[in-house]
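Reminder, nothing fancy here: chain letters follow the sequence lines and each chain counts from 1.
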Amino acid sequence: MARNITPREKDYSQWYLDVIRAGELADYAPVRGCMVIRPNGYSLWEVIQRHFDEAFKDTGHVNAYFPLLIPSSFLEKEADHVEGFAPECAVVTHAGGEELEEPLVVRPTSETVIGHMYSKWVQSWRDLPILINQWCNVMRWEKRPRLFLRTSEFLWQEGHTAHAAKEEAVEETLRMLEVYREVMETRLALPVVTGEKSEAERFPGADNTYTCEAMMTDMKALQAGTSHFLGQNFAKAFDITFQNKDGEREYAWTTSWGVSTRLIGAIIMTHSDKDGLVIPPEVAPVKAVIMPISDDEKALSETFEPEAMELRDRLNALLGKRSVKVDTQYHMRPGDRFFYHLQRGVPLRIELGKKEYESQSVRLVRRDTGEKTDVSWDRAPETVRQLLESIQKNLYTRALEFRKANTHHVKSYEEFKNVLETRGGFITAHFAGTREDEKEIKSETTATIRCYPMNGQSRGTCFYTGKDDAPLAVFAKAY
RNA sequence: CGGGACGUAGCGCAGUCUGGUAAGCGCACUUGACUGGGGGUCAAGGGGUCGGAGGUUCAAAUCCUCUCGUCCCGACCA
């Protein structure tokens, strides 16, 4: 039992912070709302990044970089956009020892600069589509920051595409939503509900916003990624026009989509436990650690350690460079070394001591279940591979089962309030209310519409207004 | 931004009401010994000027003012 981590049931927020501290993922920066992502957190982000980046490139996107500073007049060109972002913008008013003629906004997102550039780059239908992504930082001033979930500065990826036809842009929006779902489920082991956002929760300036919603182990919802169909709103604001095949001038159709370091928060709150961080093997910077154990220094350096190195090399050949490390922290006692890796979420621990050496075997210990397996040296690589797969699968299944067990369908508002209070979790219900109704429900229960699920084509009577033919919605309290 | 709690060693805390003989405890850290397969034992050590600034006072961790930050609740929020 970890003694430096608050039990989850005692204080969920404190548990979350303890996991981050014990796992050395992040630390507070001198500026309020900002965080330092420490090497353990950053290497996790790098693996996550790699999976998404691959998926973007597989779907024809290329990376580019647009600047951090945006003329404030750009934000104002799209009415909803400026209204949505103005309150959380940081603005640079002085530079070079002088007051600037036009203040510069630190990007909260880049639709505007990118729109400006696209208008220069697009002339003909032959210039479309443009499929660009950028990895960068953004700044949205937060009143109530929380490590990884809501910080004033965070790292993310923003894809921005422009298309000649509306259908193509809609298709792109949905394709990227599906790419997100795929990577989140197969790599991060995060089951998500994909769906469309209500009008109230839509991205400022978008016609439609689609989302991936995940359930955390406190049963609250976390928006893990969004994909927006921007219609021609930004094309009109930034004059992104092209000549079509008939020689007519048309506005382009644009999309944007993003996932951020918030995903690290999602991994923590989905998989971690009383002993700290648990990382799914597919995103773990270190998939397994080999621990030579002995009270005899000579045996360690001459026998166990060389054996461990050899096994490491065989495993790395199978699992990829640097996937497996040998723990040579012999100044620490075995128990301390166990906890060290436990708290860092390493999926698999491989013990090699006297007992194993004599029988030419190793002991494998799973991070997710604590289950121990002894296996001979020659069968070790294959078994490790299988166990990692099994851990990956187990984490996903466990999270999915948890979500299923905590999702309830209701037919009336009374039932809605009752379920929310007594059981919590996700609530599915047919809903045809207005924006005001949604607001009313929120102020009364603090639950919001997370999305209208993609695969929830069922229609029914609205639980709130009694109207017929209402679409299915997922409600929950959210981060 | 409103309400509440809190900032004393790397972490967790006591001391603050009743100013002085309070810079203290546990863990962690250093050195040594015994140990060593889920956070071991003993011994000897190092480390803080009490979030910051200003004020009251012979004297401030302690009282007053301002300020910065963290956590919780609320408002707001891709």
Any base atoms under 4.0 Å from [X], or only sugar-phosphate, or nothing? Heavy atoms, all strands.
X: Glu356(A); result: base
X: Gly33(A); result: sugar-phosphate
X: Glu201(A); result: nothing
X: Tyr330(A); result: base
X: Pro30(A); result: nothing
X: Thr226(A); result: base

Atom [atom1] of [X] and atom [atom2] of [N]: how far apart are they, to the nearest Å?
X: Asp295(A); N: G38(B); atom1: CG; atom2: P; result: 13 Å
X: Gln157(A); N: A78(B); atom1: CD; atom2: C1'; result: 13 Å
X: Lys10(A); N: G12(B); atom1: NZ; atom2: P; result: 13 Å
X: Arg21(A); N: C71(B); atom1: CZ; atom2: P; result: 13 Å
X: Met291(A); N: G37(B); atom1: CE; atom2: C1'; result: 8 Å
X: Arg32(A); N: C71(B); atom1: CZ; atom2: C1'; result: 11 Å
X: Arg337(A); N: G37(B); atom1: CZ; atom2: P; result: 11 Å
X: Glu297(A); N: C34(B); atom1: CD; atom2: P; result: 12 Å

Would you mind pulling out the nucleotide paired to [N], Watson-Crick or G-U wobble, both distances under 3.5 Å?
N: G54(B); value: C64(B)
N: G26(B); value: C11(B)
N: U18(B); value: none
N: G38(B); value: none
N: A59(B); value: none
N: G47(B); value: none
N: A78(B); value: none
N: U70(B); value: A5(B)

Strand contacts (RNA chain B) in residues 130-146 of chain A, 4.0 angstrom heavy-atom criterion =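 By residue number: Arg140(A), Lys143(A), Arg144(A), Arg146(A).
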Roughly how far apart, to the nearest Å, are [N] and [M] at atom [atom1]?
N: A14(B); M: G7(B); atom1: C1'; value: 15 Å
N: U62(B); M: U49(B); atom1: P; value: 15 Å
N: A53(B); M: G19(B); atom1: P; value: 24 Å
N: U18(B); M: A60(B); atom1: C1'; value: 15 Å

Along RNA chain B (nearest heavy atom to each residue), the more 5'-positioned of Lys442(A) and Leu342(A) = Leu342(A)
In terms of the nearest nucleotide of RNA chain B, which residue is placed more toward the 5' end: Glu351(A) or Tyr28(A)?
->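 It is Glu351(A) whose nearest nucleotide is closer to the 5' end.
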Answer yes or no: does a side-chain N or O of [X] lie under 4.0 Å from OP1 or OP2 of [N]?
X: Ser13(A); N: C72(B); answer: yes
X: Arg333(A); N: G39(B); answer: no
X: Tyr340(A); N: G38(B); answer: no

Centre of Trp156(A)'s six-membered ring, under 6.0 Å away, within 45 degrees of the axis: is that where NZ or CZ of Arg140(A) sits?
->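 The answer is yes; both the distance and angle limits are met.
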Taking the six-membered ring of Tyr357(A) (Phe, Tyr or Trp), confirm whether the NZ or CZ of Lys354(A) is under 6.0 Å from its centre and within 45° of its axis.
->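 Checked: cation-pi criterion not met.
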Is there a donor and acceptor pair, one atom on the side chain of [X] and one on the base of [N], closer than 3.5 Å?
X: Arg349(A); N: G38(B); value: yes
X: Ser260(A); N: A78(B); value: yes
X: Gln343(A); N: G39(B); value: yes

Glycosidic conformation of A22(B), taking syn as within 90° of 0 and anti otherwise |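 Syn conformation for A22(B).
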Looking at [X] versus [Y], is the centre-to-centre ring distance below 6.0 Å?
X: Phe203(A); Y: Phe85(A); result: yes
X: Tyr210(A); Y: His228(A); result: no
X: Phe431(A); Y: Tyr452(A); result: no
X: Tyr118(A); Y: Phe238(A); result: no
X: Phe66(A); Y: His160(A); result: no

Looking at [options], which one has an atom nearest to any side-chain atom of [X]?
X: Lys372(A); options: C77(B), A78(B), G38(B); answer: G38(B)
X: Phe85(A); options: C71(B), C77(B), A78(B); answer: A78(B)
X: Phe339(A); options: C77(B), G39(B), G37(B); answer: G39(B)
X: Asp336(A); options: G40(B), G38(B), G37(B); answer: G40(B)

Could you give me the CA-CA distance, side-chain angles and deciding distance for Arg344(A) and Asn40(A), then say whether side-chain contact (heavy atoms from CB on, under 4.5 Å) is met?
-> CA-CA 8 Å; Arg344(A) 280 166 176 70; Asn40(A) 289 339; 3.5 Å; yes
Do we see Phe338(A) stacking on the base of G38(B), given a limit of 5.5 Å between centres and 30° between planes?
->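 A stacking contact does not exist, since Phe338(A) is not both close and nearly parallel to the base ring of G38(B).
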Only one of Thr448(A), Thr445(A), Leu420(A) clears side-chain contact (heavy atoms from CB on, under 4.5 Å) with Lys477(A); which?
->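 In the set Thr448(A), Thr445(A), Leu420(A), the residue that makes a side-chain contact (heavy atoms from CB on, under 4.5 Å) with Lys477(A) is Leu420(A).
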Salt-bridge contact Lys439(A)-Glu436(A) (side-chain N to carboxylate O under 4.0 Å) =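 No, this pair does not count.
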Donor-acceptor contact present, side-chain Ser152(A) to main-chain Glu142(A), <3.5 Å =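 The answer is yes, because a donor-acceptor pair under 3.5 Å joins these two groups.
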